[in-house]
Number of protein chains: 2
Amino acid sequence: MPVSMLYLGDTTLQTAAAYLAGLVHRAGWALDYVPSHVPAAAELFGPPRSLVVLSDYSASRLAPSLQQRLVRLVESGAGLLMIGGWESYHGCGGDWDGTAVATALPVEISDTDDRVNCDQPTLVRRVDEHPVAAGLPWDGHPPCIGGFNRFRPKAEAQVVLETERFRAIREGENVRFELAGRDPLLVVGTWGEGRVASLATDIAPHWVGGMVDWGPGRVAAQAPGAEAVEVGDLYARFFLQLLAWTGRIDLESGIENLKSEIQDLKSEI
Amino acid sequence: MPVSMLYLGDTTLQTAAAYLAGLVHRAGWALDYVPSHVPAAAELFGPPRSLVVLSDYSASRLAPSLQQRLVRLVESGAGLLMIGGWESYHGCGGDWDGTAVATALPVEISDTDDRVNCDQPTLVRRVDEHPVAAGLPWDGHPPCIGGFNRFRPKAEAQVVLETERFRAIREGENVRFELAGRDPLLVVGTWGEGRVASLATDIAPHWVGGMVDWGPGRVAAQAPGAEAVEVGDLYARFFLQLLAWTGRIDLESGIENLKSEIQDLKSEI
């Protein structure tokens with residue numbers, strides 16, 4: 001099946017959605033996009049889909065009948081990925097708890113505000129091996145994030161990444177970093193024939209934090225109709241791996257396109 | 001003189017400028033605003049000004065003759081604040097080095113790309129006492145940022161804050177934080193009768209980093225025509241102190257307005 005992604009949310013292509021849309025465009029993968037304020041149309045769920053991404057898209061914009069269709073698409077093999085944000089999971093107006101989509105996701109969604117803003121250093125920690133996390137320097141150069149939705153993994157799901165929140169306390173010329181808590185960051189699983197994944201942080205500022213610049217190289221990207229973005233090469237690789245695994249999309253073709261398209265890429269992706 | 005601020009840059013009120021405009025509106029201070037893509041008009045520099053803020057506003061949008069007028073306004077008592085960003089200082093298209101405005105600022109601006117993206121924990125450190133930094137928990141609960149422009153203080157200027165970049169290295173269950181470098185973050189001074197200040201980081205995502213959520217309380221703000229924003233109470237206090245000192249604006253009136261306007265403020269500002 002040719003790549004056929006559907007991406008709903010992250011405000012507009014001129015704002016937060018420019019990040020995911022830019023990466024997907026650079027990878028050469030086909031994408032249909034719906035802004036956060038636009039209710040989803042039934043036609044979007046007609047064709048077979050490699051992957052459906054929900055990110056900062058309120059449950060109220062996806063009618064219950066279309067949520068059922070989406071879940072059936074996943075049962076028959078489509079991937080489903082929810083990315084964190086103020087309108088993801090419960091959030092502040094996301095309200096995905098208790099929905100059909102929530103039954104297919106690999107996490108239990110809170111029924112109250114689940115937003116955690118990190119005003120202190122918060123690192124990502126790999127807790128299990130997984131293709132989504134492969135080949136990245138989680139120990140030698142861990143990324144840091146700025147916020148996330150707090151959820152719990154379902155019993156049969158796999159926790160791949162977690163957040164590690166620190167408290168920084170200045171003591172004279174030195175800083176002491178105290179571990180303040182850990183929460184799941186990336187949980188993966190299956191639903192019927194489909195792969196499902198829940199990322200707790202955002203792909204775009206501000207919750208993505210320093211992770212948007214992760215890596216020594218830079219990737220510039222601009223999808224048609226979208227703002228141009230410039231991100232770190234390890235950030236680009238991580239999100240392509242997440243999309244590719246969840247949607248059973250050929251990763252190498254996407255990475256090859258990123259390498260060849262822009263000449264000023266400072267390090268190999 | 002009644003408060004009369006002029007704010008140029010940070011894209012639009014519907015995007016990054018919503019942060020500063022929202023805070024200023026909550027404080028009850030008058031503000032004229034010009035988006036980043038709009039060249040400044042001469043009329044803006046006619047009336048006396050308490051404060052002119054340039055943030056992500058390219059030097060090419062402010063004609064040399066108007067830069068001269070701005071500098072004369074500062075000489076006669078107006079405040080001048082530049083806030084960091086990709087189109088501030090040299091940046092990527094800011095190009096303020098070698099301009100009339102640069103002569104009045106308290107820092108030396110690089111003639112090459114001065115952007116530093118922080119993909120590792122970067123804390124703010126107070127290096128000197130100053131009204132802008134008063135009453136905030138720099139040692140007990142230091143804020144962290146996501147990026148900045150690298151500049152050097154001029155000889156007669158005062159460095160109030162600096163960045164402290166760490167490198168996080170995971171060693172088994174523990175993380176070691178190595179100091180990787182320090183750079184000036186807030187430099188203040190005077191130019192004629194006016195106060196001048198250079199902040200290296202942004203007031204808005206993504207460079208503001210976790211500082212946008214600094215503090216235990218939350219402040220919601222929305223200027224007319226702008227997006228609504230929600231920020232940390234210590235972030236709000238810091239930026240109000242920065243604006244008030246630089247523009248010789250009465251700080252207490254602004255803070256009083258923030259306290260009274262929103263009932264769900266969780267902690268005192």
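Convention: sequence-line order gives letters A, B, ...; per-chain numbering from 1. Because only heavy atoms are used, hydrogens play no part in the values below, and waters and symmetry mates are left out as well, while side chains stay in.
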Under a 4.5 Å heavy-atom cutoff, which of B/Pro142, B/Gly209, B/Gly172 has the most pairs with chain A?
B/Pro142
To the nearest 0.5 angstrom, please state how far the CD atom of A/Glu173 sits from the CZ atom of B/Arg125.
4.5 Å
Cut-off 4.5 Å, heavy atoms of chain A, and the answer for B/Glu227 is neither
To the nearest 0.5 Å, tell me how far B/Glu230 CD sits from A/Asn117 CG.
7.0 Å
With a 4.5 angstrom heavy-atom cut-off, is it the side chain or the backbone of B/Val231 that approaches chain A, or both, or neither?
neither
Under 3.5 Å: donor-acceptor pair, side chain of B/Asp213, backbone of A/Cys118:
no
Enumerate by number any residue of residues 127-140 of chain B whose heavy atoms lie under 4.5 Å from heavy atoms of chain A; in the absence of such residues, state 'none'.
B/Trp138, B/Asp139, B/Gly140
For B/Arg167, is it the side chain, the backbone, both or neither that has a heavy atom under 4.5 Å from a heavy atom of chain A?
side chain
Just checking heavy atoms, which of residues 89-96 of chain A are less than 4.5 Å from chain B?
none
Holding to ring pair (Phe, Tyr, Trp, His ring centres under 6.0 Å), I want the full list of residues that pass it with A/Tyr19, two or more places apart in sequence or in another chain.
none
If one checks every heavy atom of B/Gln14 against chain A at 4.5 Å, the contacting part turns out to be neither
Can you list the residues that meet the salt bridge (Lys or Arg N to Asp or Glu O under 4.0 Å) rule with A/Arg150, with sequence neighbours excluded?
A/Asp183
